[in-house]
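Convention: sequence-line order gives letters A, B, ...; per-chain numbering from 1.
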Amino acid sequence: MSQKVAGVKGMNDLLPGEIEIWQHVEAQARELFSRFGYGEIRTPMVEDTALFVRSVGEETDIVGKEMYTFNDKADRSLSLRPEGTAPAARAYIEHSIANQEPLTRWFYTGPMFRYERMKTGRYRQFYQIGAEAYGAKEGAQDVEMMDMVVQFLERLGLKDITLNINSLGDEACRPTYHAKLVEYLQAHREALCTDCQRRMEKNPLRVLDCKNEKCQAIAAAGPNVLETLCEPCRAHFDDVQRKLTALGIRHVVNPRMVRGLDYYTRTVFEFIASHPALGTASTVGAGGRYDKLVKSLGGPDAPAVGFACGLDRLVLLLKESGQQFAVRPDVFVAVADAGSHDPALVLASRLRREGLRVEFDTRGGSLKSQMKRADKSSADFTLVLGEAERTSGQAKLKPMAGGEPIPVALDEVARVVRERKAVPK
RNA sequence: GCGGCCAUAGCUCAACUGGUUAGAGCGCCGGACUGUGACUCCGGAGGUUGCCGGUUCGAUCCCGGUUGGCCGCCCCA
């Protein structure tokens, strides 16, 4: 066993039987996002390490301890991307998109990498599907994006997902709140858990969502970020809430919601699922506005908002939902005698060219074993080809779910199968 | 990074307090049914009990280490 090759910890294989769910999720996203006018981008999985340090934030856990960082042969420090917003922003800047169109909507999907402890719904190579909109500072853009996520989750048939929103303010009011909070926490230092005493120094906002009851009580009684927003931020947040309501999107204002990346300003949001299978990995999608990020990376002064959904977690929920995504063959072509093997191969080929999904056991074998295989494949029909069929040009389509065999000319198989499938019994 | 639980056939699990060739169900393959799957019956293949070492006359069982998985913390999608 120890001699056997093995995959890297936290990085999983996706095989047929499960991959269909992933394909379904991605197909739904592509179709929906294009309705919203979002175009797909694909950026490299590796970027200059500095990109993430400058955008996500040097003090964040993601950059501080979770990045896969290495030096290439020219001694450049590179990192496997831990998230998708920074690479997208880099591409937006690099291709001078702002000079070509005032409002840009992009989406992406692909693997992200973070070196951390393995758990359900939390892997070292995980998959996100996300979107970014550049150029609009208006609350309508925040709302459009949340609406897109809502519709995405709806389409997947996922229930019991709550949208939490908050505003973190901007460069004008955030420092004010930050100072107030630190002052308040200092006064209650002794009552906080040891983790929070540490958080106070490093990232005071984190105290707000500590699970400890005492800390929660203290945080609840402390300064509220929403009450310290400056006027423009206040107006923006009110506008977002008004528009969400206009769209009928249910949401909860959670003034203690904090995000782990430094680049967010104003609106932040999280989609939280309540299904027990996810355990503590209950956030299935999250995002927010980052009006200063593009400029801070050397680009134009472009406001932006984005989100990302964790595909691993969505797939987990879909598995729990019991929905079926397997692709079934239309016809299984079985061979009755050795002399019919080649003609059957030719028939299968032709049927595929005519658009059918055809399963054919290239190993031959007894008819019985082929029938078993046909059953296992869950094909809709089985067609047995033998000497009789070849001389007469006539065969029978056997419905595997039961029922009378359907006589069919070998030239008409594709047409008949399509007719039968179009009219479910 | 910290704390706890676990590891036996492809899958889900057995095996009295350490005792002979480690079992069952499902799955897989074949047969009963020589041109028709599922149900039933019969048979077969498949394990260095995760790996390495230790204690013992003897280890799936006890001890140490290691790798992997799960749960909580941290944090996040």
Quick one: which of [options] gets closest to the side chain of [X]?
{"X": "A:Ala336", "options": "B:G69, B:G35, B:C71", "result": "B:G35"}
{"X": "A:Lys368", "options": "B:G31, B:G72, B:G30", "result": "B:G31"}
{"X": "A:Lys372", "options": "B:C71, B:C75, B:G30", "result": "B:G30"}
{"X": "A:Asp312", "options": "B:G30, B:A77, B:G4", "result": "B:A77"}
{"X": "A:Met371", "options": "B:C70, B:C76, B:U36", "result": "B:U36"}

NA contact type, [X], heavy-atom cut-off 4.0 Å: base, sugar-phosphate, or nothing?
{"X": "A:Gly121", "answer": "base"}
{"X": "A:Gly64", "answer": "nothing"}
{"X": "A:Met118", "answer": "sugar-phosphate"}
{"X": "A:Tyr123", "answer": "base"}
{"X": "A:Glu66", "answer": "sugar-phosphate"}
{"X": "A:Gln125", "answer": "nothing"}

Exercise. Donor-acceptor pair under 3.5 Å: do we get one between A:Arg313's side chain and the base of B:C76?
Worked result: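 A donor-acceptor contact between them is present.
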
Problem set entry | C1'-based separation of B:U48 from B:A59 [nearest Å] |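 Rounded to whole Å, the distance is 14 Å.
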
Exercise. If each of A:Glu387 and A:Gly7 is mapped to the nucleotide of RNA chain B with the nearest heavy atom, which maps nearer the 5' terminus, i.e. the 5' end?
Worked result: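 The residue whose closest nucleotide sits nearer the 5' end is A:Glu387.
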
Exercise. Which residue, A:Cys309 or A:Ala277, contacts RNA chain B at a nucleotide closer to its 5' end, judged by nearest heavy atom?
Worked result: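 That would be A:Ala277.
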
Mind checking whether [X] and [Y] have ring centres under 6.0 Å apart?
{"X": "A:Phe152", "Y": "A:Phe33", "result": "yes"}
{"X": "A:Tyr263", "Y": "A:Tyr290", "result": "yes"}
{"X": "A:His251", "Y": "A:Phe271", "result": "no"}

Problem set entry | Charged tip of A:Arg124 within 45° of A:Tyr115 ring normal and under 6.0 Å |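 So A:Arg124 does make the cation-pi contact.
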
Exercise. Just to confirm, is there a sub-4.0 Å distance from OP1 or OP2 of B:C75 to any side-chain nitrogen or oxygen of A:Lys119?
Worked result: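 No, A:Lys119 has no side-chain N/O under 4.0 Å of OP1/OP2 on B:C75.
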
Problem set entry | From CG (A:Leu367) to CG (A:Asp337), nearest 0.5 Å |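 That separation rounds to 9.5 Å.
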
Exercise. Has A:Phe126 got its ring stacked on the base of B:A77, with centres under 5.5 Å and planes less than 30° apart?
Worked result: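 Stacking is present between B:A77 and A:Phe126, given that their ring centres fall under 5.5 Å apart and the planes under 30°.
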
